[in-house]
Amino acid sequence: MLDKSRMAARRISSLLSRSLASSSSLLTKGRISGVGRVVPSYSTSSSVNNPITPSVKVNCTQLLINGKFVDSASATYISPNPIGKTFPTYDPRTGDVIAHVSEGDAEDIDRAVSAARKAFDEGPWPRMTAYERAKVLFRFADLLDKHTEELSTLETWDNGKPYEQSAKIELPMISRVIRYYAGWADKVHGLTVPADGPHHVQTINEPIGVAGQIIPWNFPLLMFAWKVGPALACGCTIVLKSAEQTPLSALFAAKLLHEAGLPPGVLNVISGFGSTAGAALSSHMEVDKLAFTGSSDTGKIVLAAAAKSNLKPVTLELGGKSPFIVCKDADVDKAVELAHFALFFNQGQCCCAGSRTYVHESVYDEFIEKAKARALKRRVGDPFKAGTEQGPQIDSTQFKKILRYIRSGVESGATLVAGGERLGNKGYYIRPTVFANVKEDMLIAQDEIFGPVQSILKFKDLDELVRRANQTRYGLAAGVFTNDLETANTLTRALRVGTVWINCYDVFDASIPFGGYKMSGQGREKGVHCLSNYLQVKAVVTKLKNPAWM
Ligand code: NAI
Ligand code: MG
């Protein structure tokens, strides 16, 4: 398992850290505005100021309800005819509009839930054999593979993540997740229970019903797969709300699912905003289960909405402030590379980003120098350009928020050793930023920054480290870098987090359960554990007359 994980991590790391031999000639001086300090930074502003034109057409922009693409119920009046209301989705490389997509609101959620309800209560999906359902999912996975280029292009265009990451890392993970759950569809068993008394007791796992699913923008298609894969395998029907920043790939993928044979009404996709469509979905009385991925603040809102409406069970995959721990025996070069990957992957927009880098004092100074050098070498640029490691942040809100955190780091006394400002003058690019001498009481060590900002802290001994690493409201993941088995075992058990990666990071095999302790969430996604989110357990007790044995 460890070998497999290491190989996967190495594959991802090597893809993201191509030969950077020529980069030193591109080193320029960048200024940190308002701070007056000069920090050297790797610049590719020429590439970010001349965006490459993507080669796909955006075809799916309407709401998907009951197997049909339809306009939203609310109308925008463009004289002389009313048309369904739309909102723009933007290209984070430029801030320009990519397309206008139909904007779902409460009435559209109602229409979608009615379709999903009917498909569950009367339709073929929960009634067909699990093997038939699996075949639809397998066909869908084949179509995802076939359309990798279009899907990856839409994903990169809408989100800003490197195209190579979309096409070579994420799309294969996405079809893998779908195949993984296709494989589970016909292996969901109940139990025969040895109860006291003359009773035959069995449990039946039934699909929970209509699932409401709300996904974020950082991994739009991957989150789509994590949500729809297990729900469909279990025989549920779905209303999925995509994130307003990234509506395009979910619509295209849902179209492929219908081509694969999904009956109408089983998966309905609504593009729209959180406070309207999202709120309507989480408080809907006819939705039987809610799955949410996003911020902890919004997690609280949807949990309360679920409680106040029909008490639907909720699974939450929320934020994090995950420690990445470099122990004293670490090979510093390798530790620097992995810590860099753990934080900067996906522009730092990962719920499980290793955003508190704890380094043992004996290797701290060397680590800082090398972490700085690595950040300065990071290739930031147009995500469609081959070799780009980092694209723009998702939108202007996140971009400004990250720059505010950087200012707060400087003002609170952390040492800025790399980056610290925007790159270019178009879109939402931020230079890879590294802070040394970070302390736990600083905001940058407490809050989820969700950007390319590495905060490095020093530690002395393991007991102190465990106390500090656990001193957070979050508990999503942790990375441990050590060759010492005892240290690894101690930390594995002491850290209050849902995933511990030892000598690897961000290994997201479909079979590995993922989720958080504390305010990082409730429940688990992926793996066998996720199936129970979409199942009801029914106990069937039959009285026995004169049983031959009990
Ligand atoms: P968010 O949590 O508000 O958005 C995530 C999803 O929830 C989106 O689909 C959004 O439309 C929906 N939503 C928002 N308000 C809602 C409501 N009242 N009812 C129902 N659904 C609602 O996150 P946002 O604003 O996009 O990003 C803010 C911060 O959240 C980020 O800076 C980051 O720290 C964190 N975040 C964490 C993610 C993760 O993977 N755990 C993913 C995205 C953001
Ligand atoms: Mg967009």
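First listed ligand is number 1; within each ligand, the first listed atom is number 1.
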> Between atom CG of Asp96 and atom OG1 of Thr89, what is the distance when rounded to the nearest 0.5 Å?
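It is 12.0 Å, given to the nearest 0.5 Å.
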> Just which atoms of ligand 1 are under 4.0 Å from any heavy atom in Ala279?
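Those qualifying, in numeric order: 19 (N), 20 (C).
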> Are any non-hydrogen protein atoms located under 4.0 Å from atom 25 (O) of ligand 1?
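Answer no: nothing from the protein, no heavy atom, is under 4.0 Å.
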> Closest by any non-hydrogen atom to atom 29 (C) of ligand 1: pick that one out of Lys401, Lys241, Glu317.
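Comparing heavy atoms across Lys401, Lys241, Glu317, the nearest one to atom 29 (C) of ligand 1 lies in Lys401.
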> May I ask you to say whether Lys321 pairs ionically with Asp447, meaning some side-chain N is under 4.0 Å from a carboxylate O?
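Result for this pair is no, no salt bridge flagged.
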> Using a strict 4.0 Å threshold on nitrogen-to-oxygen distance, state whether Arg356 and Glu440 make a salt bridge.
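Salt bridge between Arg356 and Glu440, a charged N being under 4.0 Å from a carboxylate O: no.
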> Between the candidates Asn218, Ile402, Ile215, which shows the shortest non-hydrogen contact distance to atom 6 (C) of ligand 1?
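Looking at heavy atoms only, the winner is Ile215.
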> Would you call Glu164 and Lys161 a salt bridge, using N to O less than 4.0 angstrom?
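No, Glu164 and Lys161 are not salt-bridged.
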> Is the contact between Ile449 and ligand 1 made by the side chain, the backbone, both, or neither, using heavy atoms and a 4.0 Å cut-off?
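Ile449 to ligand 1: no contact under 4.0 Å from either part.
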> Considering heavy atoms of the protein only, find what lies nearest to atom 35 (C) of ligand 1 and give residue, atom and distance to 0.1 Å.
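Nearest protein contact, heavy atoms only, for atom 35 (C) of ligand 1 is Glu448 OE1, 3.4 Å.
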> Which heavy atom of the protein is the closest neighbour of atom 13 (N) of ligand 1, given with residue, atom name and distance?
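Answer for atom 13 (N) of ligand 1: Gly274 CA, 3.3 Å.
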> Measuring from atom 36 (N) of ligand 1, which candidate in Trp217, Phe450, Phe292 has the nearest non-hydrogen atom?
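Looking at heavy atoms only, Phe450 sits closest to atom 36 (N) of ligand 1.
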> Applying ring pair (Phe, Tyr, Trp, His ring centres under 6.0 Å), can you list everything that pairs with Phe87, at least two apart in sequence or on another chain?
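With neighbours one apart ignored, the set is Phe273.
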> According to the salt bridge (Lys or Arg N to Asp or Glu O under 4.0 Å) rule, which pairs have a member within residues 287-297, sequence neighbours left out?
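Sorted pair list: Arg117-Asp288.
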> May I ask you to decide whether Asp91 forms a salt bridge with Arg93, counting only side-chain N to carboxylate O separations under 4.0 Å?
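Arg93 and Asp91: salt-bridged.
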> Show me which atoms of ligand 1 lie under 4.0 Å from any heavy atom of Cys351.
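Reading through ligand 1 atom by atom, the close ones are 39 (C), 40 (O), 41 (N).
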> Can you tell me the protein heavy atom closest to atom 18 (N) of ligand 1 and the distance?
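Ranking protein heavy atoms by distance from atom 18 (N) of ligand 1, first comes Ile301 CG2, 3.6 Å.
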> Identify, for atom 27 (O) of ligand 1, the protein heavy atom at the shortest distance, and state residue, atom and that distance.
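Sorting protein heavy atoms by distance from atom 27 (O) of ligand 1 puts Gln398 NE2, 3.5 Å first.
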> Could you list the atoms of ligand 1 found under 4.0 angstrom from a heavy atom of Gln245?
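Ligand 1 atoms under the 4.0 Å threshold to Gln245: 26 (O).
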> Is there a nitrogen or oxygen of Glu244 sitting under 3.5 Å from a nitrogen or oxygen of ligand 1?
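Looking only at distances, the answer is yes, because the N/O contact criterion of under 3.5 Å is met.
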> Contact between Gln349 and ligand 1, counting heavy atoms under 4.0 Å?
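Distance cut 4.0 Å: Gln349 fails for ligand 1.
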> Counting heavy atoms only, which of Leu290, Thr293, Ile214 comes nearest to atom 5 (C) of ligand 1?
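Selected option, by shortest heavy-atom distance: Thr293.
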> Evaluate the ring planes of Trp226 and Phe508, with Trp represented by its six-membered ring, and classify them as parallel (under 30°), tilted (30 to 60°) or perpendicular (over 60°).
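Ring orientation of Trp226 relative to Phe508: tilted.
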> Could you tell me the residue and atom name of the protein heavy atom closest to atom 30 (O) of ligand 1, and the distance to it rounded to 0.1 Å?
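Here the nearest protein heavy atom works out to Ser295 CB, 2.9 Å.
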> Please report the interatomic distance OH(Tyr474) to CZ(Arg496), rounded to the nearest 0.5 Å.
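Rounded to the nearest 0.5 Å, the OH-CZ separation comes to 15.5 Å.
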